[in-house]
Amino acid sequence: MSEPTGKKDQQHPLYNRDRPLIDILLSQQATDYNLAELARLQIRYQGFPGARDIQKDLDKVLQQWGLTEAQLFEKTRQLHDVGGIYKSRGKKEEQDWN
């Protein structure tokens, strides 16, 4: 017999890469770069059926920085409108969707 679908948490493919970054965010202040990283990770893990520890810690960072998710996204929209948060590694302007 197989397990019912939707009951078991999934392992996010980027969990091992993101976990150390979230630990850093937990110990640092809300710089422009850290705000952008937090927003990026919030979007990545939003609604994901697993990685509960990461989701909980992302909420904890928001709380430590005194922000709601809506405030975080508003701040980061403004930061991205100005540009330069993520410096391109190549010569051409590019976006990193990882």
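Every residue was checked against the ring pair (Phe, Tyr, Trp, His ring centres under 6.0 Å) condition with Phe73, not counting sequence neighbours, and none meets it. For Gln78, the side-chain hydrogen bond (donor to acceptor under 3.5 Å, both in side chains) criterion is met by Glu74, not counting sequence neighbours. The side chain to side chain contact (heavy atoms under 4.5 Å, CB included) check on Thr31 picks up Tyr33, Asn34, with sequence neighbours excluded. Applying the side chain to side chain contact (heavy atoms under 4.5 Å, CB included) criterion to Gln46, with sequence neighbours excluded, gives Glu69. Tyr15 is linked by a ring pair (Phe, Tyr, Trp, His ring centres under 6.0 Å) to nothing, counting only residues two or more places apart in sequence or in another chain. When the side-chain hydrogen bond (donor to acceptor under 3.5 Å, both in side chains) test is applied to Thr68, the partners found at least two apart in sequence or on another chain are Gln71.
Shown here for Ile85 and Ala36, the closest heavy-atom pair between the two residues is CG2-CB, 3.4 Å.
Between the CG atom of Leu58 and the CG atom of Leu38 there is a distance of 6.0 Å, given to the nearest 0.5 Å. Rounding to the nearest 0.5 Å gives a distance of 6.0 Å between CG of Leu67 and CG of Leu62. Atom CG of Leu14 sits about 11.5 Å away from atom CG of Leu21, to the nearest 0.5 Å. Rounded to the nearest 0.5 Å, atoms CD (Gln55) and CZ (Arg44) are 13.0 Å apart. To the nearest 0.5 angstrom, Leu41 atom CG is 5.0 Å from Asp18 atom CG. For the atom pair CD (Glu37) and CG (Asp32), the distance works out to 12.0 Å, reported to the nearest 0.5 Å.
Within the structure, side chain to side chain donor-acceptor pair (under 3.5 Å) pairs that include any residue of residues 56-67 comprise Arg19-Asp57 (at least two apart or interchain). For the ring-ring contact (aromatic ring centres under 6.0 Å, His included) condition, the pairs that include at least one residue of residues 34-62, sequence neighbours left out, are His12-Tyr45, His12-Phe48.
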